[in-house]
Amino acid sequence: MLRQSPASPLLSLPGAVPAEGPDEGVAGHYGDLFREQRTLADGSGFVDLSHRGVVTVTGDDRLSWLHLLLTQHVSELPVGHATESLILSANGHIEHALYLVDDGTTVWAHVEPGTQTELIAYLESMKFFYRVEVSDRTEEFAVVHLPAGSIAEVPDGAAVRETAHGRDVFLPRGELASFADAHGPAIGVLAHEALRVEAHRPRLGLETDHRTIPHELGWIGTAVHLQKGCYRGQETVARVHNLGKPPRRLVFLHLDGSEVHLPPHGTPIRLASDGPDGRQLGFITTSARHHELGPIALALVKRNVPVDATLLAGTTAAAQEVVVEP
């Protein structure tokens, strides 16, 4: 059973409209989706991601121990250096995605909403004799995102993941309201998602299903280190990288802007030439309305779908851009 985070107090801000689906518990928007996107793209405001799970690992062996379990090379992770990593099944399928930083004494990670309980159960089962402590800190800490270019000051002592896309701040949950007062305007997760789709960045549970392997999403390199030691699922990663191609590939779609409704997650993808009754070749993973590009989406399609083919997402025409090479 998924353990959800407490509902955000920022849902009481003027104009807040609750998000749905995996982002339930925070605001989808605050009244003007495109204005919020432009504000975020310009490096202002912040995004309330307090619905995400927060997990910490402490102890002298934390990095060497995590190195054995994760797809990323973290045994010598520098203090303050952000990284991301996966946990795979024995068959190489993606089970968890972690967004990490080490502050010198503690590894902080945020994960998809509600997945922290299952993640912690797995980590606890792998502790053996290692000097580590794993904790669910979701009820104590909330994640907020400051976009790239933001000049907002981070509260003293807060753990921060700084990436090319901005800074993820692990904030004491009781300080959310005061942070919003100091660093607003608040930006809803729909704007954050639209910019994520534009950047072709995959998300666990949306771009993945029960059989997704990292190669299909372009997670090799960013979340999977190909020269590190053994970890669960490594055999599949190495075999596909060295000897074959993944069965599916992530694509970016420009959707027909005349359609009123966006195709939701799971919408079948077909060749436009085959029509809406043609053979299904994939599915929409995330769709969004972008302030400049219009309706856009990410989708997983079979590797052999021609890269220049016009597609149909349900009944919506879609032109594709390559994200993962066939």
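We use all heavy atoms of the structure for the numbers below, so side chains are in, but hydrogens, waters and symmetry mates are not.
- When all heavy atoms of Gly92 and Pro214 are compared, the closest pair comes out as O-CD, 3.7 Å.
- Atom CG of Leu243 sits in a crowded spot, with more than 12 heavy atoms from other residues, nucleotides or ligands closer than 6.0 Å.
- With Val47 as the partner, the side-chain contact (heavy atoms from CB on, under 4.5 Å) test is satisfied by one option alone out of Val189, Val143, Leu146: Val189.
- Under the 3.5 Å distance criterion, the side-chain polar atoms of Thr115 are left unmatched by any main-chain donor or acceptor of Val111.
- Partners of Thr212 under the side chain to side chain donor-acceptor pair (under 3.5 Å) rule, at least two apart in sequence or in another chain, are Asp209, Arg248.
- Taken together through direct or relayed side-chain contacts under 4.5 Å among Ile, Leu, Val, Met, Phe, Trp and Tyr, Val260 and Ile284 form parts of separate hydrophobic clusters.
- Contact check for Leu171 versus Pro155: side-chain heavy atoms found under the 4.5 Å cut-off.
- For the pair Gln72 (side chain) and Thr222 (backbone), a donor-acceptor distance under 3.5 Å is present.
- In this structure, CD in Gln116 is found 12.0 Å from OG1 in Thr56, a value given to the nearest 0.5 Å.
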Practice task
Apply the test salt bridge (charged side-chain N to carboxylate O under 4.0 Å, His left out) to residues Glu112 and Arg52: give CA-CA distance (whole Å), side-chain angles for both, the deciding distance (0.1 Å), then the verdict.
Solution key: CA-CA 5 Å; Glu112 286 300 321; Arg52 292 185 64 81; 3.0 Å; yes
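- Considering CZ of Phe34 and CG of Leu190, their distance stands at 10.5 Å, rounded to 0.5 Å.
- Taking NE2 from His29 and CD from Glu193, the interatomic distance works out to 14.0 Å, rounded to the nearest 0.5 Å.
- Clustering of Ile, Leu, Val, Met, Phe, Trp and Tyr side chains at separations under 4.5 Å places Val240 together with Ile213.
- Without hydrogens or angle criteria, Arg62 side chain to Gly59 main chain gives a donor-acceptor distance under 3.5 Å.
- Leu11 CG to His51 NE2: the interatomic distance, rounded to the nearest 0.5 Å, is 10.5 Å.
- The two residues Glu216 and Pro246 come nearest to each other via the heavy atoms CG-CB, 3.6 Å.
- With rounding to the nearest 0.5 Å, the separation of NE2 in His210 from CG in Asn91 is 11.0 Å.
- Side-chain contact between Leu98 and Leu119 is present, with at least one heavy-atom pair separated by less than 4.5 Å.
- Ring geometry, Phe170 versus Trp108: the interplanar angle falls from 30° to 60°, so the pair is classed tilted.
- No donor-acceptor distance shorter than 3.5 angstrom exists from the side chain of Thr267 to the backbone of Gly314, with no hydrogens or angles considered.
- For NZ of Lys228, the number of neighbouring non-hydrogen atoms (other residues, nucleotides, ligands) closer than 6.0 Å is greater than 12.
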Exercise for the section: Given side-chain contact (heavy atoms from CB on, under 4.5 Å), test Leu123 with Trp65 step by step and report yes or no. Expected result: CA-CA 10 Å; Leu123 294 177; Trp65 175 68; 3.8 Å; yes
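- Phe179 places a side-chain heavy atom less than 4.5 Å from the side chain of Val144.
- Between Val305 and Arg249 the shortest side-chain heavy-atom distance falls below 4.5 Å.
- For residues 311-325, no residue pair satisfies the salt bridge (Lys or Arg N to Asp or Glu O under 4.0 Å) rule, not counting sequence neighbours.
- Residue pairs satisfying the salt bridge (Lys or Arg N to Asp or Glu O under 4.0 Å) criterion with at least one member in residues 274-300, sequence neighbours excluded, are absent.
- Hydrophobic clustering (ILVMFWY, side-chain heavy atoms < 4.5 Å, transitive): Phe128 and Tyr122 are in one cluster.
- The existence of a salt bridge linking Arg203 and Asp23 is confirmed by a sub-4.0 Å separation between a basic side-chain nitrogen and an acidic carboxylate oxygen.
- Atom CZ of residue Arg161 and atom CG of residue Asp168 lie 5.0 Å apart, to the nearest 0.5 angstrom.
- The list of salt bridge (Lys or Arg N to Asp or Glu O under 4.0 Å) pairs with a residue in residues 296-314, not counting sequence neighbours, is empty.
- Remark: Arg201 engages His165, Arg196, Ala199 in a side-chain contact (heavy atoms from CB on, under 4.5 Å) (not counting sequence neighbours).
- Criterion: ILVMFWY side-chain heavy atoms under 4.5 Å apart, direct or through other members. Under it, Ile269 and Leu271 are part of a common hydrophobic cluster.
- Looking at Thr316, its side chain never comes within 3.5 Å of a backbone N or O of Asp256 through a donor-acceptor pair.
- With sequence neighbours excluded, the residues satisfying side-chain contact (heavy atoms from CB on, under 4.5 Å) with Glu133 are Thr58, Lys127.
- Legend: residues meeting salt bridge (charged side-chain N to carboxylate O under 4.0 Å, His left out) with Glu235, ordered by chain and number and at least two apart, are Arg239.
- In this structure, Ile296 belongs to a hydrophobic cluster whose other members, linked by side-chain heavy atoms under 4.5 Å apart, are Leu86, Leu88, Ile94, Tyr99, Val197, Leu204, Leu217, Trp219, Ile220, Val224, Leu226, Tyr231, Val237, Leu250, Phe252, Phe283, Leu293, Leu298, Leu300, Val323, Val324.
- Side chain of Thr71 to backbone of Ser85: no donor-acceptor contact under 3.5 angstrom is found.
- Formation of a donor-acceptor pair under 3.5 Å by the Arg167 side chain with backbone atoms of Ser150 is found in this model.
- The aromatic rings of His241 and His215 lie tilted to each other, with the angle between the two planes from 30° to 60°.
- Residues satisfying the salt bridge (charged side-chain N to carboxylate O under 4.0 Å, His left out) test with Asp60, not counting sequence neighbours, are Arg131.
- Evaluation of the side-chain contact (heavy atoms from CB on, under 4.5 Å) rule for Ser64 yields Asp61 as partners, not counting sequence neighbours.
- Using modelled atom types, one side-chain atom of Gln280 and one backbone atom of Gly282 make a donor-acceptor pair closer than 3.5 Å.
- Using modelled atom types, no side-chain atom of Ser135 and backbone atom of Arg137 make a donor-acceptor pair closer than 3.5 Å.
- A donor-acceptor pair under 3.5 Å links the side-chain atoms of Gln37 to the main chain of His291, judged by distance alone.
- Pairs of residues two or more places apart, or lying in two chains, that qualify as ring-ring contact (aromatic ring centres under 6.0 Å, His included) and include a residue from residues 68-98 are His67-His73, His73-His225.
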